[in-house]
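To start, the structure under review is shown below, and the notes come after it.
Per chain, numbering begins at 1; letters A, B, ... match sequence-line order.
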Number of protein chains: 2
Amino acid sequence: MEAPIKILIADDEPDIIEIISFHLNKLGYEVATAKDGSEAIEKANSFAPDCIILDVMMPKRTGFEVCEYLRSQKQFDKTLIVLLTALNDEASHIKGLELGGDDFISKPISPKVLVSRITALFRRLQPTESDKKIITAGDLMIDISQYKTVLKGVTHVLAKKEFELLYLLAAQPGRVFLRGEILSQVWGNDVIVGDRTIDVHVRKIRAKLGIDCITTVKGVGYKFDY
Amino acid sequence: MEAPIKILIADDEPDIIEIISFHLNKLGYEVATAKDGSEAIEKANSFAPDCIILDVMMPKRTGFEVCEYLRSQKQFDKTLIVLLTALNDEASHIKGLELGGDDFISKPISPKVLVSRITALFRRLQPTESDKKIITAGDLMIDISQYKTVLKGVTHVLAKKEFELLYLLAAQPGRVFLRGEILSQVWGNDVIVGDRTIDVHVRKIRAKLGIDCITTVKGVGYKFDY
DNA sequence: TAGTTAGTTAACAATTTGATAATGTAAACC
DNA sequence: GGTTTACATTATCAAATTGTTAACTAACTA
């Protein structure tokens, strides 16, 4: 995510708001606050936060009501909702989660733990992070999820081994890979192939892309340089 | 998900295992258990659970160690990890989450709350945006609620598996799906079918729609591209 | 119960890919 | 200047992968 992550805190106790804001700000989050349930809904709409921390016991509308409302609105589909409460009874805990809350934390709250839990939730929310593996270098783009390379807007289709070899090198531009490293990474340790095989594949990549993005380091190996 | 959700419980106290298993089973989850850290890792590999509940204090390997190990393995990327502990100190709470845990719960645990929290975590894992029932790409429309595809205004009726395969690929256009992914998503992990089965279905889809919207990536898999 | 449909498998054809050998080339070394 | 060394190039062939067709089975339907 490019823009800073936005978090809305809704609680009627100014002390709580202040201490949580302080910790979240310190970590680079953009924070907005609300002092009751109605304001929480207003701010949710205007601020469009990525995460909303809701005290259950608030004037005007309870955290439960706000949570239920937010969950009924499509634009808050992906918004994390963390419910805070002084009550530690099982029933409200379960109710909070059933209304669509992502976490339910009983007071007294350690700000560090709260922040830690929110971080854990955000981590889970980024499923594409590990999937999206796109390397870009100048006008060359290498996308492993699509198994394709795009150079100056033109897509070039590489064979499996060619692609894997290019991807390995391009993942660490400038770093020289020994022939042995390349063999074990791309071909695996079990397969036994000759040294010349690498040369041939390097040549094919150069030919297909039409650019010399792979540099030979004589007597050592190859590196991606573009 | 077609197949039942699998949960692994690791705790050295048989009572805890029994009561949690009971509740999870009742809700239709498939449950496996382990009595120490080493067994937890073994079972994680053989059982391939969607969620792992780890007691922190276990013989052989602690929950922290197991958690750290699992997070270092790529195949457990998407596996939920819930840590249980008798200690309620802030430091281990934060440590557990930083090691990659998705939730951290202090004992004594209410089984209902535990189950409720796990459900909340799973709910978040479900793709909300791609929950869209209708996929459109150019003049092709794929409607899962009616199980039909409309191309240039003409409705084409695909068989169940054909449709599910097309739907999976079309949900993420351009993304290459490995054969293994396709098998586990469309056919499920338990069913064993040959590789040719996928080819045949792809062929049927191409024939019925009359367009080549599925591209073969040799040695890798298939992708939707239109 | 015969006919239909979906799903799967098997067999073979078509295609692509990968590895190797043979040869060419350029720099390094003596 | 000849020799050696290292890498590049080309051509070829075997192996792997996928496409296609046909046939079989199970479930459903009339």
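- Comparing C:dG18, C:dG7, C:dA10 by their closest approach to the side chain of B:Lys160 singles out C:dG7.
- Without hydrogens or angle criteria, A:Glu181 side chain to A:Leu178 main chain gives a donor-acceptor distance under 3.5 Å.
- Residue B:Arg206 places at least one side-chain N or O under 4.0 Å from the OP1 or OP2 atom of D:dG19.
- Rounded to an integer number of Å, the gap from CZ of B:Arg203 to P of C:dT15 is 15 Å.
- Residue B:Arg196 has its side chain nearest to D:dT18 when only D:dT18, C:dA21, C:dG7 are considered.
- The residue among B:Ile198 and A:Trp187 whose nearest nucleotide of DNA chain C is located toward the 5' end is B:Ile198.
- Of the candidates C:dT8, C:dG18, D:dT9, C:dT8 carries the atom nearest the B:Lys204 side chain, counting heavy atoms from C-beta on.
- Put simply, CG on B:Leu97 and CG on B:Asp103 are 7.5 Å apart, with the number rounded to the nearest 0.5 Å.
- With distances taken from any side-chain atom of A:Arg179 to the nucleotides C:dG18, D:dC7, C:dT9, the minimum falls on D:dC7.
- One can place CG of B:Asp199 at 16 Å from P of C:dT15, the figure rounded to the nearest angstrom.
- Contact annotation for B:Thr216: backbone-only contact, meaning every heavy-atom pair under 4.0 Å involves sugar-phosphate atoms and none involves a base.
- Atom CD1 in A:Ile182 sits roughly 13 Å away from atom P in C:dA19 (whole-Å rounding).
- Nucleic acid contact class of B:Lys218 (heavy atoms, under 4.0 Å, all strands): base.
- In this structure, B:Ile192 atom CD1 and C:dT9 atom C1' are separated by 15 Å, rounded to whole Å.
- Rounded to whole angstrom, the span from the CG atom of A:Asp212 across to the P atom of D:dC7 amounts to 15 Å.
- Side-chain atoms of B:Arg61 and B:Tyr69 include no donor-acceptor pair closer than 3.5 Å.
- At the heavy-atom level, B:Val202 lies nowhere under 4.0 Å from the strands shown.
- Across C:dG7, D:dT9, C:dA19, the shortest atom-to-atom separation from the side chain of B:Ala159 is found for C:dG7.
- Nucleic acid contact for A:His201: sugar-phosphate only, since backbone atoms but no base atoms lie under 4.0 Å from a heavy atom of the residue.
- A:Thr85 places no side-chain N or O within donor-acceptor distance of the main-chain N or O of A:Val56, the cut-off being under 3.5 Å.
- Side chain of A:Tyr222, nearest nucleotide from D:dT10, D:dC7, C:dG18: D:dC7.
- Picking from D:dC7, C:dA19, C:dG18 the nucleotide with the shortest atom distance to the side chain of A:Thr197 gives C:dA19.
- B:Asp195 has its CG atom 12 Å from the C1' atom of D:dA16, to the nearest Å.
- The nearest whole Å value for the distance from the CD atom in A:Glu162 to the C1' atom in C:dA19 is 13 Å.
- For the pair B:Ser21 (side chain) and B:Ile17 (backbone), a donor-acceptor distance under 3.5 Å is present.
- A:Phe163 has its CZ atom 13 Å from the P atom of C:dG18, to the nearest Å.
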*Which is it for B:Tyr167 and B:Glu162 under the side-chain hydrogen bond (donor to acceptor under 3.5 Å, both in side chains) test, yes or no, and what are the steps along the way?*
CA-CA 9 Å; B:Tyr167 190 80; B:Glu162 290 163 17; over 6 Å; no
